[in-house]
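Here is the naming used below: chain letters follow the sequence lines, and residue numbers restart at 1 for every chain. No hydrogens, no waters, no symmetry mates; every other heavy atom, side chains included, goes into these values.
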Protein chains: 2
Amino acid sequence: MSTTASIKDVANHAQVAVGTVSNVLNYPDRVSQRTKERVLKSIAELGFVRNDAARQLRAGQSRTIGLIVLDVGNPFFSSVARAAEDAATALGSVVLVGDSGQDASREAHYMDLFQEQRVQGLLISPVGDVGQRIDTLRERGVPTVLVDELADTERCSSVSVDDQEGGYLAAKHLLDIGRRRLAFVGTPSIRQVASRLKGAQRAVAEVSGASIEVLDSEGQTVLTGRKVGNSLVERSPEKRPEAVFCSNDLLALGVMQSLTMLRTVRIPEDIALIGYDDIDFAISAVVPLSSIRQPTEALGRTAIELLAEEHDNGGTKHRAVVFTPELVVRQSTAGSGS
Amino acid sequence: MSTTASIKDVANHAQVAVGTVSNVLNYPDRVSQRTKERVLKSIAELGFVRNDAARQLRAGQSRTIGLIVLDVGNPFFSSVARAAEDAATALGSVVLVGDSGQDASREAHYMDLFQEQRVQGLLISPVGDVGQRIDTLRERGVPTVLVDELADTERCSSVSVDDQEGGYLAAKHLLDIGRRRLAFVGTPSIRQVASRLKGAQRAVAEVSGASIEVLDSEGQTVLTGRKVGNSLVERSPEKRPEAVFCSNDLLALGVMQSLTMLRTVRIPEDIALIGYDDIDFAISAVVPLSSIRQPTEALGRTAIELLAEEHDNGGTKHRAVVFTPELVVRQSTAGSGS
DNA sequence: CGTAACAAATGAAACGATTCAAAGACGAGT
DNA sequence: ACTCGTCTTTGAATCGTTTCATTTGTTACG
C-alpha cells in the first residue's frame, strides 16, 4: 500500500510507454509538448519519485563522491567538507562524509562502503598507509584524491597546504617585529606539525642572533596549551621567549589564557603570540590572535576539481596542488613598537 | 577494462550458480564448506565488491538514514550527528548528513534527494514548515523523526530538549547563589531561545524580590556578546545586574571577554555568568564557564531508536521524547560566598 | 498519389543483485 | 532396489530505471 509509484505506473496512468516517461525526465526535448504535459500531470498525481538505486544500477556509477576526514568536529575539516559539498553540488554530485576518527579500521570500513556504493571518486585525509588500497581503487576506475597530504603523483592527485611555508611565515613575522628568542609549541611527532617547525627553523636560521626552542606540548588542546603557558610564566623574565609560535590555535589560546590570567606578562608587549589555522575563535580571543590561515575552501573546491580532471583523463594523469597559507596579523603580534 | 567483477563473473570463475555466490554472501550456513571456500577464493582473486545499487533495488530499501541539520559547523549538531552515526552503525545502517544552512530550499533539496535514495528514514531539524511534507513521507512509508523540535505525536516522533527547563535551571542556579537582579542575553525571536527565557522568568517569579531584564543580543556570536558586555560595563555599578544568563556559550564568552578585559568587573564576584550548550570552549575559558549541557549523544542515539521503532510498528505510532538538560557549575558562578 | 525526411513514441534488453521453487545429491532405513 | 528426508545447488524471475533500434505518425514535395 505504501509503496511508491514506479515509472511503469506513471506510464500506465498517462497512457504512454515507459521509455517516454524516462525521456520526459531525462530528455524533455525529445518529447512533444502534449505528452510531456500529460506525463508530468501523472507524475504529480501519483507522487512519483525516481528510484535512484535503479538509475545507478543502469548507469553503472553513482552521482556520489566519498570524503573521509580525520575528524568532522575539527573546524578545518568541516570547512573543507563544506566547500567540497558546494563544489560537488555545482557538478550535480553529492558528497558523503565519513569520519575515520584517526582510526585505520574505521577508515577501511568507509573505503569498503564507498566502493560498494560505486562512488565517482574518493577524497581522503589518510590516517593509515593507504597507498596499496589507492592502487587497487585506481585499477578499478575509482579516482582518489589525497587531502591535506602530499601525494606521489605517480599514484594519485592531492591537495595540500605548504606547512613548512606556514611555519616560515609565522616565524618570519615574529622576527620582523623585532623578536629574537622564539619558542615553538606543538607535538612534532605529527607530520604537519613537524613541517611547520622545520619552516620556522628555516626562518630563524636566516637571521643572525635569532633562536628558537621547542616545547613539546604533548597534546593539541587548550588545556595542554595552558600548561605550557604556566611553565613560561614561572621562568624568570630574562629566560622567557620574546615570542611564541603555537602549532595550532587551540594551543595558542591556552597559552594566552595562562599569560593573561596571571597578569605578569603582557601580550604582545612582553611575549608576542601566534597560532595556526585561524579558527573562528582566534579573532574573538581576549587579545585577538594572529594566526596562519589555511585556504580550506580552496582545498575542498580543488579536491573536487582534481577528481573531475581524473574522471576526464581516465585517471591516467595526476596532479599535486599545494596551497600557500596566509599570515593573518592581529593584536597578539601587533606593532614592532614598544 | 576497469569494470568491477559482478556476481556472475564470480559464479563463472568458481564454477557455481549465481544463487550460490549470493548465498555465500548472505546465508553462509546454507552453503557447504567446500564450495564456500572456492567461492571466497574467486571473490578474492577477482576483487569482487558488491554493487550496493543492485542490492538496494532488489531490496526496495536502502540501508541509509538521512539526517538534515541546520549547520554542521555547530558543535551541537556535529555531536548529535556523530551519536546518530554510531547508533546507526550498530544497526548496520549508514547516516547521510545534509546541511540545510537554515535555508528552506536547501532543506527541500535534501528531502528530495533522500527520497530518491529511498532512505530507511529521515531525521530532521526543520527550518521551514515541513508538516505537510512529513505527512507525504509517512504515506510513502518513510518514517521521520524531528530533532531538537517538539512534534505533534499525531504526525511523527521527535527528540528534543526541554529548553524551558534549561532556562529554569540556569536562572534557579543564579538565584540559589544569592543573586537577585538577573539579565538574560539572547535573541528571543528564535523559538529555542524564547523557551529558555520563559523558563528563566518562571524561576525568577518564584523568588520574591528577584527580577530579570532581557537584553536582545541581535546575534548569537562571541562578537555580539562582547557588545552586550561592553554596555554592561558602561553602566554604573548599582545598575548592573548581579548575574547574567546567556542563551548560548558564544554569547557568554563574548560577555566574559569584555568584562575581564576592562577589569572593572570581576567574575563571579561582581557578576556571575552562565551560558548554554556547554561547548568545549566553556571549560577552557579564562574563567571556566558554567553552562547548561544538552544531552547531544542521547539525542542522536534516541532519534535512531525512534526511527527503528517506527519501522517496527509500521509508522503507526509516534513518540515525543523530551530530554532534560543538565546544569554544569564552574568557576563563573562559583560559591555563594563573597 | 507516392515517398522521402523527420519527429515522436515504443518496448525489449540490459544493469547486478536477491529470492525461491524446483532439482539434484546422498544416506539411512526397510 | 526403493523410498524418504535432509542438505546443497540451481537458474529463472524480479526490482525500476535507461538506452536504443524500431515502428508509427506527420509533413512536404515532386
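Residue pairs that meet the salt bridge (Lys or Arg N to Asp or Glu O under 4.0 Å) test with at least one member in residues 110-119 of chain B, sequence neighbours left out, are B/Asp112-B/Arg133. Within the structure, side-chain hydrogen bond (donor to acceptor under 3.5 Å, both in side chains) contacts touching residues 83-96 of chain A (residues at least two apart or in different chains) are A/Ser93-A/Gln120. Listed by first then second residue, pairs satisfying side-chain hydrogen bond (donor to acceptor under 3.5 Å, both in side chains) with a partner in residues 297-306 of chain B number zero, not counting sequence neighbours.
Partners of B/Gln102 by side-chain hydrogen bond (donor to acceptor under 3.5 Å, both in side chains), not counting sequence neighbours: none found. Among residues two or more places apart in sequence or in another chain, the side-chain contact (heavy atoms from CB on, under 4.5 Å) test is passed with A/Ser158 by A/Leu146, A/Leu150, A/Ala151, A/Ala320. Taking A/Arg106 as the reference, nothing meets the side-chain hydrogen bond (donor to acceptor under 3.5 Å, both in side chains) condition, with sequence neighbours excluded. Qualifying side-chain hydrogen bond (donor to acceptor under 3.5 Å, both in side chains) partners for B/Glu309, counting only residues two or more places apart in sequence or in other chains: B/Arg319. Applying the side-chain hydrogen bond (donor to acceptor under 3.5 Å, both in side chains) rule to B/Glu154 yields no partners; only residues at least two apart in sequence or on another chain are considered. Among residues two or more places apart in sequence or in another chain, the salt bridge (charged side-chain N to carboxylate O under 4.0 Å, His left out) test is passed with A/Asp277 by none.
Bending across the helix from C/dC1-D/dG30 to C/dT30-D/dA1, expressed as the angle between its end axes from five pairs apiece, amounts to 70° (10° rounding).
The footprint of chain A on DNA chain D, defined by a heavy-atom cutoff below 4.0 Å, extends from D/dG16 to D/dT19.
We find the CZ-CG distance between A/Phe76 and A/Leu299 to be 5.0 Å, quoted to the nearest 0.5 Å.
For the pair A/Ser32 and C/dA7, the criterion of a side-chain N or O lying under 4.0 Å from OP1 or OP2 is not met.
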task = Heavy atoms under 4.0 Å is the rule here; annotate nucleotides 12-20 of chain C 5' to 3' with B where the base is hit, S where only the sugar-phosphate is, and - elsewhere.
result = -BBBBBBB-
